[in-house]
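Everything below concerns the one structure shown next.
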2 protein chains.
Amino acid sequence: MVQKAAETKTKPISVIIVEDFKLTRVGLRCALNANDDINVVAEAEDAVEGLKLIEKHKPDVILMDLGLPGMNGIEAMVKCKEMMCDSKIIALTSHDRCEEVIAALSSGASAYCLKDIDPNKLADVVRDVSTGVCWIDPMVAQMTLNALPKIDNIGFLPNKSNSEGRVPLTEREFEVLKHLVSGKSNTEIAKELIVSVHTAKAHVCSILQKMCVNDRVQAAVKAVKEGMV
Amino acid sequence: MVQKAAETKTKPISVIIVEDFKLTRVGLRCALNANDDINVVAEAEDAVEGLKLIEKHKPDVILMDLGLPGMNGIEAMVKCKEMMCDSKIIALTSHDRCEEVIAALSSGASAYCLKDIDPNKLADVVRDVSTGVCWIDPMVAQMTLNALPKIDNIGFLPNKSNSEGRVPLTEREFEVLKHLVSGKSNTEIAKELIVSVHTAKAHVCSILQKMCVNDRVQAAVKAVKEGMV
DNA sequence: CAATAAATTAGACAGTAGGGTAATGGATTA
DNA sequence: TAATCCATTACCCTACTGTCTAATTTATTG
C-alpha cells in the first residue's frame with residue numbers, strides 16, 4: 001500500500017473522521033495514517049463538531065459514520081453541501097438497509113462502505129474517492145444500481161453533441177457557477193468573491209455562452225443535472 | 001500492482017474483452033495481462049461474438065465497450081443478464097452522456113470507465129468489480145449519484161422541508177414549476193399556459209413562497225435536487 | 001347557503017439580469 | 001517579442017423579476 005505513496009509525490013490526502021465510537025475512530029485513524037499518502041487531520045465524535053472541523057480544515061475526504069447521536073450522518077452531509085464544501089464524503093456504516101444507502105448517496109456521499117471493510121481496502125477507497133470516483137460496497141452495490149431509473153436502452157447511437165464541441169469553464173467560472181447554483185444574485189456573488197458586480201456579470205455571461213444556455217436558471221439546472229457542482 | 005497477485009493466491013480473475021477497435025483491444029489485453037492475478041481469456045469485436053464467448057467461458061469480469069457496431073453494448077448487457085450470466089460487467093466508453101451512463105448502469109454494468117483511464121487503475125477496477133464493488137469514473141460519478149431517487153421521506157431527515165410544515169403546490173403551480181425549471185421566462189410560461197403574464201408571475205410568486213426560496217434559480221435547483229420534476 | 005381556496009387579471013415600482021462594447025494588467029504560450 | 005487567454009472593471013440600455021395591493025370568477029366543502 002505504502003508504495004503508492006511513493007508513486008504519487010503530491011501532498012497527502014487530508015481526511016476528517018466523524019464517528020461516535022471511540023474505538024472505531026482510533027481504528028480508522030491508525031488504518032489510514034499507516035499510509036504515507038493519507039493524513040487524518042481531525043476527528044469528531046458527533047456531527048456538529050464534525051461540521052465545524054470540516055469548515056475549518058476543508059479536507060479532501062470525509063469519513064462519515066451514519067449512525068451518529070443527535071444530528072445523523074445524512075443530515076450532516078446535507079449541511080455540508082449547503083456550506084459549499086468540496087470535500088468528498090465516504091459514508092461508513094454497518095447497516096445495509098436500502099433506504100439508508102440510497103439516502104446517503106443521494107445526499108452527498110460519493111462512497112458507501114460497510115464497517116467490516118479491510119483497512120487496506122479502505123485506504124484504496126479514500127484514494128479513489130479523493131479523485132472523484134464513486135465507490136460502493138459489494139454488499140449494497142446491486143441494490144444501489146437497481147435504484148437507478150430504468151432508461152429505455154434502445155437507440156444509443158454515437159450522439160457526441162456533449163463532450164465534443166463543449167468549451168470548458170475556467171476555474172473562476174466554476175466558482176461563480178457554484179454560487180449561481182446556490183441561488184445567489186450577481187451582487188451577492190461579487191461580494192462573495194470580493195470583486196465588482198461588473199466582474200461577476202462578466203463571468204456569468206461567459207458561463208451562459210459556454211454552457212449554451214439562455215439564462216442562469218438553465219445554467220443552474222444543467223449544472224445540477226450533469227453533476228458539474 | 002503485481003504484488004497484489006502474490007497477496008491473493010487464489011486463481012486469477014478471468015476477463016473477456018468486447019471492443020471493436022483492434023488497437024484498443026490489444027491495449028486492454030496487454031494492460032490487464034501484465035497483472036498476474038488477471039487473465040484475459042477471450043476477446044470479441046462485436047456483441048454477438050462477445051455473447052457467445054461469454055456463454056462459453058463464463059468469465060468473472062466482462063469489459064464491454066458501449067459503442068459497438070450492430071448490437072450496442074447496452075443491448076448486449078441486457079442479453080447477458082437474460083442468459084443468467086453472473087459475470088460482472090465494466091462499461092467502457094469515451095462518452096460521458098448522462099443517459100448513456102445511467103442506461104449502462106441500470107442495464108447490468110457494475111462499473112463505468114472512460115477510456116482515458118490509467119491502465120493500472122483499470123486493473124484495480126477489475127479487481128474491485130470482481131468482488132462486487134460498484135465503481136464509477138470521476139467524470140460521471142456525480143451525474144450518476146444525482147440520478148438516484150431523492151429520499152427525504154424516511155426518518156433520516158426529520159426536518160421541516162417534509163410533509164410536516166411544507167405547503168403543497170397546487171397542480172397549476174406544478175405546471176408552472178416545470179416550465180420554470182426548463183428555463184422559461186414568465187412571459188414564455190404565460191404564453192405556454194395561455195394566460196396573462198400577471199398570472200404567471202402570481203404563480204411563480206406563490207411557488208417561491210411555498211418552497212421557501214428567494215428566487216426562481218433556487219426554486220429550480222431545489223426542484224431538480226428533490227426530484228419534484 | 002356561506003366560507004374557503006384556487007385561478008385569473010391588472011397596475012405600479014425598485015431591483016436585477018443579460019447583451020454589447022471596451023479597456024487594463026497578468027500570465028502563459030508560440 | 002508577440003499573441004493569446006484570463007480576470008478585472010466600467011457604462012449603457014432594454015427587458016425581466018419579484019412584491020404589493022386589489023379585484024373577479026369558479027369550484028369545493030362545511
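Reminder, nothing fancy here: chain letters follow the sequence lines and each chain counts from 1.
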Atom pair distance, as rounded to whole Å: [atom1] in [X] and [atom2] in [N]:
{"X": "A:K184", "N": "D:dT17", "atom1": "NZ", "atom2": "P", "value": "22 Å"}
{"X": "B:H198", "N": "C:dT8", "atom1": "NE2", "atom2": "C1'", "value": "11 Å"}
{"X": "B:R172", "N": "C:dT9", "atom1": "CZ", "atom2": "C1'", "value": "13 Å"}
{"X": "A:Q209", "N": "C:dA17", "atom1": "CD", "atom2": "P", "value": "17 Å"}
{"X": "A:K201", "N": "D:dT14", "atom1": "NZ", "atom2": "P", "value": "14 Å"}
{"X": "A:I207", "N": "D:dA7", "atom1": "CD1", "atom2": "C1'", "value": "13 Å"}
{"X": "A:L193", "N": "D:dT8", "atom1": "CG", "atom2": "P", "value": "8 Å"}
{"X": "B:E173", "N": "C:dT8", "atom1": "CD", "atom2": "P", "value": "10 Å"}

Would you please confirm or rule out a distance under 4.0 Å between OP1 or OP2 of [N] and any side-chain N or O of [X]?
{"X": "B:N186", "N": "D:dT17", "value": "yes"}
{"X": "B:T199", "N": "C:dT9", "value": "yes"}
{"X": "B:T170", "N": "C:dA6", "value": "no"}

So how far is it from A:T170 OG1 to A:H203 NE2, rounded to the nearest 0.5 Å?
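The OG1 atom of A:T170 sits 6.5 Å away from the NE2 atom of A:H203.
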
Nearest 0.5 Å, please: how far is NZ in A:K184 from CG in B:D215?
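Interatomic distance, B:D215 CG to A:K184 NZ, rounded to 0.5 Å: 11.0 Å.
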
Is it true that A:D60 and A:S14 share a donor-acceptor pair across their side chains at a distance under 3.5 Å?
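Note: A:S14 and A:D60 side chains meet the donor-acceptor criterion.
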
Taking atom types as modelled, find out whether B:E100 and B:H95 have a side-chain donor-acceptor pair closer than 3.5 angstrom.
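Short answer, yes.
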
Using a 4.5 Å cut-off on heavy atoms from C-beta on, say whether the side chain of B:W135 contacts that of A:V133.
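Side-chain contact under 4.5 Å: yes.
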
Base, sugar-phosphate or nothing for B:V204? Non-hydrogen atoms, less than 4.0 Å.
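Sugar-phosphate only.
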
Looking at every strand, decide which applies to B:S196 at a 4.0 Å heavy-atom threshold: base, sugar-phosphate, or nothing.
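Sugar-phosphate only.
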
Checking contacts here: which listed nucleotide ([options]) is nearest the side-chain heavy atoms of [X]?
{"X": "B:L208", "options": "D:dC12, D:dT19, D:dT8", "value": "D:dT19"}
{"X": "A:A202", "options": "D:dT9, D:dT17, C:dG18", "value": "D:dT9"}
{"X": "B:R216", "options": "C:dG19, C:dA17, D:dT17", "value": "D:dT17"}
{"X": "A:H203", "options": "D:dT8, D:dC6, D:dG18", "value": "D:dT8"}

